[in-house]
Amino acid sequence: GAPALTLPERAATGTAQRGATLRIARPAASAAETLDPASSLSAYEYLGALYNRVVRLDRDGETVPDLATDWSSNADATVWDFQLRAGIRFHDGRPLTSRDVRYTFRHILDPDVASPQAGALDLIDDIVAVDETTVRFALSTPNAEFPSLLTAYQCYVIPEDSADEIGHTGIGTGPFILEHYTPAGAGAVRVNEDYFDGRAALDRIEFSSIQDTSARVNALLARQVDLLSQTNLDNPTARVVANSAGTTVARVANAQWYTIPMLATSEEFADPQMRQAMKLAYDPNAILSTALQGTGTPGWDNPVPPELKAWLDTEREYDPEKARGILRSIGRENFSTRIYTSAYEPNFTAIATAYASQVREAGIDLRITNVAADSYYTQVWMSEPLMVSYWFTGRPVDQLLNQIFRTGSSYNESAWSNEQFDQLLDAARADTNDTTRRQKYQDAQQLIIDDGADMTPVFGDRLVGLSENVVNYDEYGFEMDYLSLGLKEA
Amino acid sequence: MARLIGTRLATSVITLFLAAFFVFFAVQALPGDVAQQLLGQNATEEAVATMREQLGLDANVWVRFAEWLGGAVTGDFGTSLVSGESVSGTLWTAFSHTLLIAVPAIVVGIGLSLVLGVWAGSRRGTSTDSGISLIALVAMSIPEFVVATVLILLFAIIAPIFPAVVLGGPDASLSELLPAIVLPAITLVIAMAAYIIRAMRSSTIDGLATEYATTAELKGLTRRRVLWRHVAPSAILPVLPVISINVAWLLGGVVVVESVFNYPGLGKLMIDSVSTRDLPILQAIAVLSALVYVTVNLIADLLALAADPRQRTLHSSRRRSRPAKEASA
Amino acid sequence: MIRLRDLTVGTRIGLSLVGLTILIAILAPWLAPYDPIATNADNALAGSSWSHWLGTDQYGRDVLSRTIEGGRFALLVSLLATTVAVVVGTLIGAIAAYYGRWVDAATTRVLDAVLAVPAVLALLLIVSVFGNSLWVLVLAISVVYVPAVARVVRGATRPVLSTGYVTAARARGERSLPIIRREVLPNILDTILVEFAMRASWVVLLVSTLSFLGFGVNPPTPDWGLMIQENRTALTVAPAGTLAPIVTLSLLVVGLNLAADGLGKYLGVDRARRGVI
Amino acid sequence: MTSSTVAAVRGLCVSYDAGDQRVTVAEDIDFELTRGRTLGLVGESGSGKSTVARTLLGHLRDGSRVDAGTVTVFEDDVFALASAPLRQLRGGTVALVAQNAGHALTPSMRIGAQLRETLDAHGLPSGDDRLVELLDLVRLPSPNALIDRYPHELSGGQQQRVAIAMAVATDPKILVLDEPTTALDVITQAAVLALVNELRERLGMAVLIVSHDLGVVSAVADDVLVMRLGREVEHGPTQEVLSRPREDYTRELIAAAPRVHGVDILVREDPDADVVVRCRDVDIRYPRAPKLAVSGFDVEILRGETVAVVGESGSGKSTVASALAGLADVERGEAALWSSDGARHDLLGAAARRPVDVRRSVQLIFQNADLALNPRRTIGDAIARPLKVFGRASRAEMPAAVDRLLTEVGLGPEFARRVPAQLSGGQRQRVGIARALAAEPTLLIADEITTALDVSVQAEVLALLDHLRANRGLSCLFISHDLAVVRSVADRIVVMKDGRIVESAPTAVLFEQPRHPYTRSLLEAVVEPGHTELPGSDADHRATTLDPDAPLVDVGNGHRVRDDEGALTTR
Ligand SMILES: Nc1ncnc2c1ncn2[C@@H]1O[C@H](COP(=O)(O)OP(=O)(O)OP(=O)(O)O)[C@@H](O)[C@H]1O
Ligand SMILES: Nc1ncnc2c1ncn2[C@@H]1O[C@H](COP(=O)(O)OP(=O)(O)OP(=O)(O)O)[C@@H](O)[C@H]1O
Ligand SMILES: [Mg+2]
Ligand SMILES: [Mg+2]
């Protein structure tokens, strides 16, 4: 009989004890990691504790206020004004002004910084500090979804002229103040008593970096830490953690968006029919149950997660026989190739394994090839025809589609190019009417499902290991809820 | 005698130089452009060229070797490609951490295994002997990662006596490291003891079978005195290389153990640097390990000189060849 | 020929363990009750039952089948790598010893320098750069072990070179290679055999360590080291997934060690004295 | 058992486990040891002498056991003793001097410490003065300095004396000497034996001396027990047994023992024979060695002649042999070989660079038969190899040629398929000879070919060699450290010391009129059966200092002597 993987849906809630210290273990990005949010090597876990963004996403993918209270645009959505909250101070006591915001985005757009968000924001023509609390963005093309682009975690606001030292000072406006920090080492933050949104429940958070997944889990089981951040536990581990005394597992629903990009420029997958066969041949439900033991949602090759308002609710057909027929008709019967995977993320191999065993029914033979985690995204990604990849969900729909599916985008991992799709996105951006704009985004999703080169088998819940003492753990929109996170009252 | 030590020192230096040479050129021969690696796929050609220049990659390879070697001799291995920090600093921290687990492991491991080995050898054929031999056999047949995993399960999770991992990373304090060295050190002791026990056992058996051991016994000496005074000093000679190989292996970075325990030592630095292709660090680790290897061998040679009066006068040192464990992990 | 009944019990147990493992590895496709890579979501992490004697792993794959097939890769790599290392090492060692003087001195220095570079570092680097294909692994491991083998062989060759039969061959004016082949090799064959068995046991451990560190075989290939790595966190929930590969791996290594010990004793002393070729 | 009987062995049977069967080492051995008297235990190697001797200390090798009989020392059954009294007996009442002192002293301990612990173990005073006294007793020079030396810093004879000092340190009642002189040269041997006799008289001990050498036993033992295959062959007063042996085996032993005195010296001078090999002023140095291994070596070997080279260990005998065979480089000098057609070939180059014919013409037979044959190849293989290399037989003729050679050296064709391990030492040596003969050489170099053999086997091999020399007209360079061995085979003898020739003469001349003091002391030190007197030589006082520049002077009759210490003037 199937063992029930009884994982609690959500972490315990309750009153947090005051004055507590929480210990978080995290995987370090690299020895070169930094606290500069704009960098591609930022120490992600610290950012939400130390900084704020102008606007952020809420649980439903909607843009909501953070440092800005209000925002508005002109009629064709080419000029956007953001009104900042008054009286906010950085940790070093300096007041937050529109100049800091201007500086932050200039910093992101600085080519020397090579920020991953620079591409998404390169439509910004000019940034003006209108007055102390108003900042204005002038865009080169209309974009009705512009505020959502500012929710990325690279867009945390840093003080003016701090670029040189921000990497280790971590001075922001956030609920916690940096105590000390070593790249790829230990660090700690203490509570910001003057936080504008109220004092956080915890007094202090200690971070330690543990690269090896099992070592991280062992640290939790041995009660050396209270929470494993950013770690998606694989299922057996999650079971062990859930069943061990003192530890439990929390889920962040659909946090991991798994993809199987088929390189559209490759000989194997240049043919749309071929790609269609690869999709028809597998059942996302089977992947969900085999690889993730049901902890997630089937994707049906639509990259937009169900949480987003713009989600297109449709289920493409699953028919291995039809897939086999297509393969036969294009002379690709008994198609065989490698599918690459890596220990980079604990579920990659499971998904590759499950996918390969699914498509066998259509006569497709996939040889799973494991590649060292470190070279996976430098040597395999965007160069091998077939692999497993993933993204975090929690980006706004416009950014999601533009960043990952638009022709020529540097994150377009399948190198798919569809003119009609690109035009649809442009049209959506220019459309200030919410309803019709959403329709355009849904049309774009249908295009991806029909012609796209990226398969989205599943959205996986992120399984987070934590101590039973942790209360009010929650995470969405690239940020842990650091305000209410706490330890149970003794 | 002094000349003998002089020759040994000279050969050690040659070995070290050759090792450095190999390491440098092997790393140069790796496919792929370091500059390209660092900048990623989307880097422009000019950027790569600038980077190459910054790294000095466009200079003649021999010139670079000479410069690198010159730096290495003075303890300067350049800066890490990843963190931008001085390699020597990083290396020294990691090495001192490794020493923290290695030295107790070496002291306890060698002492314990020599005693067990002599004990088993002197009671050849008894149940004591079979017991010790069996344990040694099993210990050398179980991979370290299994031992480490089981130790963590038993002594960190089920009975939380010792920490399972080190949280502090490279700048962990001594007070955090001290309790954390116990389990890794035990793992290392188990991994290395088996070979020394076996070597010492068979060497003791050989020693007991010598004419001089029989003669000593027939002089009316107690068995204990025969064993420790007559047999053990010579019996340890063939075991010295086994010990030195194990010690070198242990100090050269115990990759598996350190990665399981998240222990911020040389082994972990090595595996992290392999992942990030941090070549200056890797080169420095290789040279440091070679230095350790050479030093340990030198010490073993000198100890052999001390333990065997014959070697002090006979210039043709008789090479003993019965290595037990050469870098098996 | 080696006569079985002359071997000690330990040696016989060792040889049987090794033989059995090899046999099982060869016959694995016929022995394994299930396809070792077939997943079954509905039956993941199951305990032992009549249909799955050792239970299943996280993907619902049969642990018994995976354990049965799990030695194939490690054995194949070990066999090939050990053979290459021993053959090449023997040649280098014998030639260095034969020519002596500066050839020997130079070879020894170079071998020592190679030995001084940590083996794991070399291996990890090679594998991370050139991938983990069978031949890369085999060559990498051989490179690491050649110096060690060469040193042992050199040590074993030197006393042989001072014997009368080698002197006689030299006095007859025979060339170096025929002397090494006809007179030296047969007499260090015992050393080489024991060396082989010993190296093989280390290579098995090394291969599984590499798999454990994620540098070895690719999933979903069943492999003991990889199985331990994959299943060890579930040790408390489904112990068989971890224990089965640990036990089989250790038995193989114990077997190789016993065989090496026994053969060493047998070949070193008894074989020559009994006059059995 | 009389009152002076200190130990008695009665019906002793000892056996050991070999696989599933028991092998008997000693069977029904009986003897007594009497105070002040010496019993000699003789017999060939492996006959069980050591085993029996060591039972007096209650010691058996691992795996052995006493099947029957008793060993009593002063009324105590030694095998029934508890461990404390047994330790008292060992080293206290009965002391052992082991076979090879070089191996019996612990290498990692200083001489003084080893002596001291023996005294300590038996509760005797162990001050430095006592140690010095003991070393003095065995007449070791500068005992004060010796205390701090390690065993390897002593010569073989000195080591043997230390071992004896250690044994007598506790004033034991019984002294067991297991082949105390086997590893020593004749001169040292004589000195050690004299010392044993003297100590026995002074300390009033009962002595058991084990030896395979009848000469040794004859010189020191009052009674003798001859053993063979673990059994007693003959037992009685030495005089009687040696002069009127009752058993054939004893007679054989006596006959085979090499002698210096009283046997005929063969004289077969054929001055017209052509020279086969001539060496002039040859210097040989090993690579990087500071000192010459051989200097100014001169020799001339005629066709059909046997020239012996004699000298103590390290005197350079083997070096000469290797140089002639092309295995060691000659630094200076001339050496030439004349083949039967009268052509002259240089004998200076390395073997690999010599013409095939020269390589074929010079053949070596090796000292240690164990190492001379490749243990992994059959006898047939070993003999066929030179046949093939030198093209002496085609592939088809090979088996027949091998059979013929085997028969010629007295082995049957059936040996061709055996491996060396299945042969006895004497048989192996014959194979070595057959292998050398296969090349059809002109010159045979025999390097200590009989050293490792028992006397009786030794005699057979020597006879074979002589037979072949006569039949095939072979010239032979015969190397030995034992003058007695060469007496019956050599036409001429060259005596070497420290790499130089000290005397060279026709055999008869050398034995009858030795001129050089070294040669003379060698001759005097020889012990042989029937001579119950010990030679009056003392190893420590014969250290003849050789003058490196002294010339080799021809005194006529082909007798040449090095002019050392007035060797030529004092007669
Ligand atoms: N426990 C044992 N195990 C194996 N062989 C044994 C054992 N005890 C005695 N032997 C054998 O018994 C024989 C007699 O040995 P022993 O040493 O007494 O002979 P020996 O007359 O002293 O010979 P040698 O002159 O060579 O010293 C030898 O062949 C020896 O190998
Ligand atoms: N291969 C070698 N290298 C250096 N020196 C050597 C070598 N072989 C022998 N010698 C030295 O040359 C000298 C003569 O040695 P050689 O072997 O010729 O003596 P030997 O008379 O044959 O002695 P033995 O009776 O012990 O065989 C000795 O001092 C020895 O140490
Ligand atoms: Mg003996
Ligand atoms: Mg010699």
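A, B, ... follow the sequence lines: proteins, then strands. Residue 1 opens every chain. Small disclaimer: the values here were computed from a predicted structure and weren't measured.
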Exercise for the section: Please answer whether the main-chain N or O of B:Val257 pairs with a side-chain N or O of B:Glu144 as donor and acceptor at a distance below 3.5 Å. Expected result: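 No; zero donor-acceptor contacts below 3.5 Å.
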Problem - Side chain C:Asn257, main chain C:Val253, donor-acceptor under 3.5 Å - result: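 The answer is yes, because a donor-acceptor pair under 3.5 Å joins these two groups.
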Problem - Atom CZ of B:Phe155 with >12 non-hydrogen neighbours under 6.0 angstrom - result: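 Counting other residues, nucleotides and ligands, CZ of B:Phe155 stays at 12 neighbours or fewer.
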Structural part of [X] lying under 4.5 Å from a heavy atom of chain B:
X: C:Ile228; value: side chain
X: C:Val247; value: neither
X: C:Ser208; value: both
X: C:Ile246; value: side chain

Problem - Contacting moiety of B:Thr11, where chain C heavy atoms sit under 4.5 Å - result: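 Both parts, heavy atoms under 4.5 Å.
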Practice task
Tell me, for B:Val150 versus chain C, whether the close heavy atoms (under 4.5 Å) come from the side chain, the backbone, both or neither.
Solution key: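 No part of B:Val150 comes within 4.5 Å of chain C.
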Exercise for the section: Answer yes or no: is there an ion pair linking C:Asp104 with C:Arg158, defined by an N-O contact shorter than 4.0 Å? Expected result: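 Judged by the 4.0 Å cut-off on N to carboxylate O distance, C:Asp104 and C:Arg158 do form a salt bridge.
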Exercise for the section: Considering only NZ, NE, NH1 and NH2 on the basic side and carboxylate oxygens on the acidic side, decide whether C:Asp223 and C:Arg66 come within less than 4.0 Å. Expected result: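 Looking at C:Arg66 together with C:Asp223, the answer is no, because their closest N to O distance does not fall below 4.0 Å.
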Problem - Test item: side-chain donor near acceptor, B:Arg198 and B:Ser133, under 3.5 Å - result: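 Side chains of B:Arg198 and B:Ser133: no pair found under 3.5 Å.
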Exercise for the section: Return the option, out of B:Asn297, B:Ile271, B:Leu16, B:Ile157, with the maximum number of heavy-atom pairs under 4.5 Å with chain C. Expected result: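 Of B:Asn297, B:Ile271, B:Leu16, B:Ile157, B:Ile271 has the most heavy-atom pairs under 4.5 Å with chain C.
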